[in-house]
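What follows is a short report on a single structure.
Quantities reported herein were computed from a predicted structural model and do not represent experimental measurements. Only heavy atoms go into these numbers, but all of them, side chains included; no hydrogens, no water, no symmetry mates. Residue numbering restarts at 1 for every chain, and letters A, B, ... go by the order of the sequence lines.
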2 protein chains.
Amino acid sequence: MNSKQIPTDRWSGSVTLNDVARKAGVHPSTVSRALDPAKHLRVKESTRERIIEVADELGYRPDMVARGLKSGKTGTVGIVAADLGNTFVTPIIHGIAATLESSGLLPTIAESQDDHARMANILDHMLSRRVDGIVALAARAADRKVLESASQIAPIVLAGRPLDRTTLPQVVQDNEAGGRLAAEHLAALGHRRVAQLRGPDDVANFPRRAAGFTSVVDAMGLVEVTVPDRAERPVVEEGQRLMELLLETSIDLPTAVFAHNDLMAVGALAVLRQRSIRVPDDVSLVGYNDMPMAGHLTPPLTTVRYQSLEVGRRAGEMILGLLAGKPSENITLAPSLVSRGSSRRV
Amino acid sequence: MNSKQIPTDRWSGSVTLNDVARKAGVHPSTVSRALDPAKHLRVKESTRERIIEVADELGYRPDMVARGLKSGKTGTVGIVAADLGNTFVTPIIHGIAATLESSGLLPTIAESQDDHARMANILDHMLSRRVDGIVALAARAADRKVLESASQIAPIVLAGRPLDRTTLPQVVQDNEAGGRLAAEHLAALGHRRVAQLRGPDDVANFPRRAAGFTSVVDAMGLVEVTVPDRAERPVVEEGQRLMELLLETSIDLPTAVFAHNDLMAVGALAVLRQRSIRVPDDVSLVGYNDMPMAGHLTPPLTTVRYQSLEVGRRAGEMILGLLAGKPSENITLAPSLVSRGSSRRV
DNA sequence: ACAGTAGGTGCAACCGTTTGCAGGCGTGCT
DNA sequence: AGCACGCCTGCAAACGGTTGCACCTACTGT
């Protein structure tokens, strides 16, 4: 169209409230009111019709930036994830985004990479951009202070990863129950010697899973072979490393292994296959999260289901509620065990 | 100031440029200059030091919204993905985000769900928020017009999914070469009867992959068993459906199948396993994308590698370049074949 | 010693919307 | 017939920064 224009000022062409007002022969404030669904009744029917007609004839598009400056609301919600590559977080994000969409909000997403400095930096950026609220999926113990202080500026909800000793509202799963579920499942299959591949301690999910698991182990008199380390990050490579560590350090191998998430289970699976240790014939394996691909692995992975999508939805609703000024109540979802091919009776 | 205000207004406490100026005893414009790295040399050393000291004593955080209103730049880049659940897109996003980060930009992400209306809506929202640029990963043929028209307002680059007959800059992979690679691989293994599980026609990647594949099939005199449909969307379920369709409709089964992406390959794998058709013993399977989990499937999936991360990086750089006013040149990356366990000599 | 200059700072307009306040006009009521 | 009230619209001041311009001071050069 305007190909000879200097590309610098693309915005020069954008039509503003004033343009509409001028063309419709009214004052800008009238246009503003006519277009605001909350108060367009205060404008005479005929005027409003004319304005609306002119508005979309000109292709008027409200400038959220200007609106945000005046009103303080930008219609944007920040989401901080640890790592988009973890297929457990994408459903959460999906859930959040779907919920926000109904209110015309758009998510702004950043990855913390489980790095504290980065997390702090991201929060700063988001607040700088005046997000209306933030959903943190990446909370680690070390992040508590920055999150809490940021929450004085914009409401924050924790989703997927809880935090100990915080007043921040959270929607998470009962990880202890999940850990118990895994242990009870294995016990019911007759396993006596078990082991855990633990996720990092500073992500509250993992110690809780471990505690739940161990509580059942103790209660039922099973033996837990300890792996002398835990994952730095809950990823495939660390699952491999821990599995190898388990194989090296234990004289008497456990007959069942509980990996603290599916990604680590995948890593464990790879190591076992490579050493020709059959799953589930030689060792049963239970994962956690029920990530989308879990059922398609070979063998299909027995795992504790984390209703990621639901967590996302609830978190979205919670943010919406907070933005509307409603108080929030923590939400804890119940896990369930999905029994598939990677575990069997011994 | 208005201290008796209702605490609803969280922003009331935020410190502004004026607060800093007042406390430092200078004019707001001086503070603005002192804090702007591009022109802080125009402020006397000592003044600047004092200002900076006051600024972070007060915890001043620039308001990007206000800045954006005046300057037109919001420091935000929109990313439109079709579906975050597709593990092929997350590395792209990761790459984009990592590149943007170095310039202090933050991505705003939305999912189009491969729905045209939604795509149009998303673009509208993003432009409304004055994103500085947009990276579209979800382009379909039907979206061409809205994308092109949006690009008159903010620069847009296409990544991961090309578009036919467009002038929009794109960074993609040579899909025809990828299709050829798959066919050549199978031909080299001695396969004569082959088939394709095709992705949707309106996502340009897929027809190109099909064309590349078919060109080799023709050139080398192979036989292509046609599947009488294509996937609605490139997902697991559709892969299953097409695989079942193939099994039902073909009298003489092919010895090798080329799925247009890894997700569909996973679906095909599930169907084959369920019918006790062994992979690769009875039929070889080749996927596309080399998604993160591809090597961990059983059998590990032979696939055409799509350098998603690299595509993301390049797309990020391209946007950065466009924002800096540099012209852009299309980028086409070369695919490579990753031979793993799902294909074998016949 | 004086004009010229450059460095440092203040002034004020502006970016596009929102919103409290005020005013004009027509209507219903007494 | 006059008054009050309500509806509709205009006016102007914000919101928090940025930036061209003007101004002042203290140099430098001759």
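Scanning atom types as modelled, no donor and acceptor separated by under 3.5 angstrom connect the side chain of A:S71 and the base of D:dC15. The base of D:dG10 lies close enough to the side chain of A:R33 for a donor and an acceptor atom to sit less than 3.5 Å apart.
Atom pair A:D63:CG and C:dT17:C1' shows a separation of 8 Å (rounding to whole Å applied). A straight line from CZ of B:R129 to P of C:dT17 spans 14 Å, rounded to a whole angstrom. For the pair B:I51 CD1 and D:dT18 P, the computed distance is 13 Å after rounding to whole Å. One can place CZ of B:R61 at 12 Å from P of D:dG17, the figure rounded to the nearest angstrom. With rounding to whole Å, B:L69 atom CG is found 12 Å from D:dG16 atom P. As rounded to whole Å, 11 Å separates atom P of C:dC15 from atom CG of A:D19. Between B:H27 atom NE2 and D:dA22 atom P there is a gap of 16 Å when expressed in whole angstrom units. Rounded to an integer number of Å, the gap from NZ of B:K70 to C1' of C:dA13 is 7 Å.
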| task | Give the intermediate values and the outcome of side-chain contact (heavy atoms from CB on, under 4.5 Å) for residues A:T16 and A:D63. | result | CA-CA 8 Å; A:T16 80; A:D63 184 332; over 6 Å; no
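Minimum atom distance to the side chain of B:V43 is reached by C:dT9, of the listed C:dT9, D:dG17, C:dC11. Residue A:K44 has its side chain nearest to D:dT9 when only D:dT9, C:dC15, C:dT17 are considered. Side chain of B:A66, nearest nucleotide from D:dG16, C:dG16, D:dT9: D:dG16. Checking C:dT17, D:dG16, C:dC11 against every side-chain atom of A:T16, the shortest atom distance belongs to C:dT17.
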Listed pairs, N/O of protein and of nucleotides 23-28 of chain D, under 3.5 Å:
none

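Each end of the helix from C:dA1-D:dT30 to C:dT30-D:dA1 gets its own axis, taken as the rotation carrying the C1' atoms of four end pairs onto the next four within a five-pair window, and the two axes meet at 40° to the nearest 10 degrees.
Using a cutoff of 4.0 Å between basic side-chain nitrogens and carboxylate oxygens, A:E111 and A:R118 are not scored as salt-bridged. Taking a cutoff of 4.0 Å between a charged side-chain nitrogen and a carboxylate oxygen, A:D114 and A:R161 qualify as a salt bridge. A salt bridge is absent between B:R313 and B:E317: the closest approach of a Lys/Arg side-chain nitrogen to an acidic carboxylate oxygen does not fall below 4.0 angstrom. Using a 4.0 Å cut-off between a side-chain N of Lys or Arg and a carboxylate O of Asp or Glu, B:R48 and B:E45 qualify as a salt bridge. B:D19 has a carboxylate O that lies under 4.0 Å from a charged side-chain N of B:R22, or vice versa, which qualifies the two as a salt bridge.
For D:dT18, the OP1/OP2 oxygens have no side-chain nitrogen or oxygen of B:S29 closer than 4.0 Å. The shortest distance between the side-chain N/O atoms of A:T47 and the OP1/OP2 oxygens of D:dT9 is below 4.0 Å. Dashed line: the shortest gap from a side-chain N or O of B:S32 to OP1 or OP2 of D:dT18 is under 4.0 Å.
Using modelled atom types, one side-chain atom of B:S102 and one backbone atom of B:T99 make a donor-acceptor pair closer than 3.5 Å. Between the A:S71 side chain and the A:R67 main chain, a donor and an acceptor come within less than 3.5 Å of each other.
Among the atoms of the strands shown, none is found under 4.0 Å from any heavy atom of B:V31. The residue B:V65 sits apart from the nucleic acid: no heavy atom pair falls under 4.0 Å.
Nearest-nucleotide assignment on DNA chain C puts the 5′-proximal partner with B:E45, out of B:E45 and A:P62.
Remark: the A:E148 side chain and the A:T167 side chain contain no N/O donor-acceptor pair separated by less than 3.5 Å.
Evaluated for a side chain to side chain contact (heavy atoms under 4.5 Å, CB included) with B:R129, the options A:L106, A:T108, A:V65 yield exactly one hit, A:L106.
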